[in-house]
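This report concerns only the one structure given below.
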2 protein chains.
Amino acid sequence: MSFRNFELFCDVAECRSFSKAADRRGVSQSSVSQAVAHLEKQLKLELIDRSHRPLALTPAGQRYFEGCRELLAGFERLETEVQELAGRVAGKLRVAAIYSIGLLQMDSYVHHFEAAFPDVDLRVDYVHPEQVYDRIRTDSAEIGLVSFPEDSAELTAIPWQEQPFSLIVHPDHPLAKRASQGYDSAPIEAVQSEDLVNFTSELKVRKQLDRWLREAGVSPNVVHEFDNVEQIRRAVEDGVGVALLPEATVTRSVETGTLVSLKLENVKWYRPLGIIHKRNRRLSNAADRFVELLHEDLNTLRGTDSNESSREGRAGNRDQKLNAST
Amino acid sequence: MSFRNFELFCDVAECRSFSKAADRRGVSQSSVSQAVAHLEKQLKLELIDRSHRPLALTPAGQRYFEGCRELLAGFERLETEVQELAGRVAGKLRVAAIYSIGLLQMDSYVHHFEAAFPDVDLRVDYVHPEQVYDRIRTDSAEIGLVSFPEDSAELTAIPWQEQPFSLIVHPDHPLAKRASQGYDSAPIEAVQSEDLVNFTSELKVRKQLDRWLREAGVSPNVVHEFDNVEQIRRAVEDGVGVALLPEATVTRSVETGTLVSLKLENVKWYRPLGIIHKRNRRLSNAADRFVELLHEDLNTLRGTDSNESSREGRAGNRDQKLNAST
DNA sequence: GTGGCATTATTGATAGAAGTAATAAAGTTA
DNA sequence: TAACTTTATTACTTCTATCAATAATGCCAC
């Protein structure tokens, strides 16, 4: 019995559909149907109740599914473990990041990582902040990238970056003139009485901004609230108002000229970014290396050949006379 | 990757030999070699160090071996579990029995069991008493059959049979005359001053016999000691002396006339047999049924069609429209 | 070292399993 | 019931595990 059959069965159980499972694994629906049929024949019992749709698992199927999933995960962990014993960096690495982490920047890190550690199956998902914490808690991601990170009993945070806030305005906005006149900054007082597109009030970033603005004695006119950077960016591009955002999150728009970014004079307002992970779990080699990479300077990395980067990233491959076909 | 590869690798690791592993699984040595090579290619690392003989596992190989063994056992347990969910009796059942349990009798039970529960892979190993306890403790057998059973913290015993001791003599021995004269018994006093082939003194059975003989005021002349029934039987057949054995252990020799068995008059000397198993572990369905079967009367069983025997042995196979090829 | 022996690797052929495309059957929805 | 979606079946192809035979390698005695 091939491993594949168990995987396919698990996919079917998760998708509650043969055809969706087939798509997920990139095989024909026929193949999946036969694989499950084969399993059932071996066990001499029905795992899936096809008499209704969407299909349901029989009690035995349910138990078998849970068991298979666990055991398959066990095999995966075992493989990663022996790879690490051999000094390799391999296995799955799931990262959950808030979308506004700065897509371009992340992409660059990911590419560097993949080049340096081709045996790692790295995936970065961009999700809502709450979901990042959820994924870490449920072990569906090993490390998470968040802003205003907070430790908890379960999770711990490693400081990562501090992104300075800038004043983001539409190119036609009066303040944008300063930029065209050679200035790349503005005093925070310039926001006074401006229409401000802001974050929604449940977000940590909004609370911090409110505190800072109060301290600075500046009271802008909040015209819209969104729970993510993308929407705020769009609103400013549409001329609804100005925004206070980390420049790194709107680099692309600034470069293409659809937005203008002005540094804030006299204040040091930063968005701290952090790397969170489960407190009581040792990070895999892959996660360790990813965290290391995140702390390196992208410009430095860009200069080097990615295969050489990240120290002895592939050390320990003494016995690599073995040729892999995959 | 097929399951088979993992099994073969584990066999190689256990046997410390490719060819022995091949023999064990009944496949060619080539096949095993390729299977392991395939595994190593997938993992891109050496699992086995072939540069010396007997072969050794690399550190990674050792870890992988342990992991595979555990996970494969997990799959086996999972399968048994879902079969039991479906009301079936299936899976592996390992029984360890002392050799003298009465081979013929056991064989009959085994045949009945296999007929009633064809999905169970039953194996009975006959080993030394100490090993029976060991196997239970190390989980390499689920139930054990021993004489003079003793409970312990870890193990618990179910009483099974009480085999009456008989006086076993050579056909040419004076006492054998009694049998030819229609008597099938002898007083225990007949053993007085006889040459007795006995068990070694560390065995529980010997200690009990000594106690009984002392109580009866009978003092035979111990000429030989053996730690098992077989050797004692041979010694008596060779005319070395007489023996006190449960008749059930020498049935075959009595039937063929190489030994004569005389019941003991006036005394009730029995060898108690018990079924031992781990105290804190629920018995598998298969083990439960086997224990049940052991408590049924063999003569009753012999009369019935074995497919019908043992109550609803195959109950719960409602959904058996599925056809197995194996 | 050098044979002789035992063990493992390699190779080419083959049988069987797993995959696919096409199509039939079954379930769902209007 | 008809139209649609999903799953099963079938015939065919591709790929893979296995085998027998043989080469290569390691071990041991001399």
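Just so it is clear: chains get the letters A, B, ... in the order the sequence lines come, proteins before strands, and each one is counted from 1.
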statement: Heavy-atom contacts, protein to nucleotides 12-23 of chain D, under 4.0 Å, summarised as B (base), S (sugar-phosphate only) or - (none) per nt, yield -----SBBBB--
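Put simply, the side chain of A:Arg88 never gets that close to the backbone of A:Asp119: no donor and acceptor are under 3.5 Å apart. Of the possible polar contacts, one joining the A:His111 side chain to the A:Asp107 backbone as a donor-acceptor pair under 3.5 Å is found.
Whole-Å rounding puts the A:Phe3 CZ to C:dA18 C1' distance at 17 Å. One atom, CZ of A:Arg16, and another, C1' of D:dT5, lie 18 Å apart when rounded to the nearest Å. Rounded to a whole Å, the CZ atom of A:Phe18 is 17 Å from the C1' atom of C:dA24. Between the CG atom of B:Leu39 and the P atom of C:dA9 there is a distance of 13 Å, rounded to whole Å. We find that CG of B:Leu47 is positioned 16 Å from C1' of C:dT8, with the value rounded to whole Å. Taking atom NZ of B:Lys41 as the reference point, atom P of C:dA9 lies 14 Å away to the nearest angstrom. In this structure, CG of A:Asp23 is placed 12 Å from P of C:dT20, rounded to the nearest angstrom. Computed from coordinates, the B:Asp49 CG to C:dT8 C1' distance equals 13 Å when rounded to whole Å.
Of the residues listed (B:Glu142, B:Glu81, B:Glu84), the one engaging B:Arg282 in a salt bridge (Lys or Arg N to Asp or Glu O under 4.0 Å) is B:Glu84, and it is the only one.
For A:Arg16, the CZ atom is densely surrounded, since the number of other residues' heavy atoms within 6.0 Å is greater than 12.
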Side-chain donor-acceptor pairs under 3.5 Å in residues 121-128 of chain A, sequence neighbours left out?
from	atom 1	to	atom 2	distance (Å)
A:Asp121	OD1	A:Arg94	NH2	3.1
A:Asp121	OD2	A:Arg94	NH2	2.9
A:Asp125	OD2	A:Arg135	NH1	2.7

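Between A:Phe75 and B:Phe6, the two ring planes are tilted [angle within 30° to 60°]. Ring geometry for A:Phe117 against A:Phe113 counts as tilted: the plane angle lies between 30° and 60°, on a 0 to 90° scale.
Salt bridge status for A:Glu66 with A:Arg69: absent, with no side-chain N to carboxylate O gap under 4.0 Å. Of the charged side-chain nitrogens involved, at least one lies within less than 4.0 Å of a carboxylate oxygen, so that B:Arg137 and B:Asp134 count as a salt-bridged pair.
Partners of B:Asp49 according to the side chain to side chain donor-acceptor pair (under 3.5 Å) rule, which considers only residues two or more places apart in sequence or in another chain, are B:Ser51. A:Glu70 meets the side chain to side chain contact (heavy atoms under 4.5 Å, CB included) test with no other residue; sequence neighbours excluded.
At the heavy-atom level, A:Ser33 lies under 4.0 Å from base atoms of the strands shown.
If one axis is set at each end of the helix from C:dG1-D:dC30 to C:dA30-D:dT1 from five pairs, those axes are 50° apart, to 10°.
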Taking N or O atoms only and anything under 3.5 Å, show me the protein contacts with nucleotides 26-30 of chain C, one pair per line.
from	atom 1	to	atom 2	distance (Å)
C:dA26	N3	A:Arg53	NH2	3.3
C:dG27	O4'	A:Arg53	NH2	2.8
C:dT28	OP1	A:Arg53	N	2.6

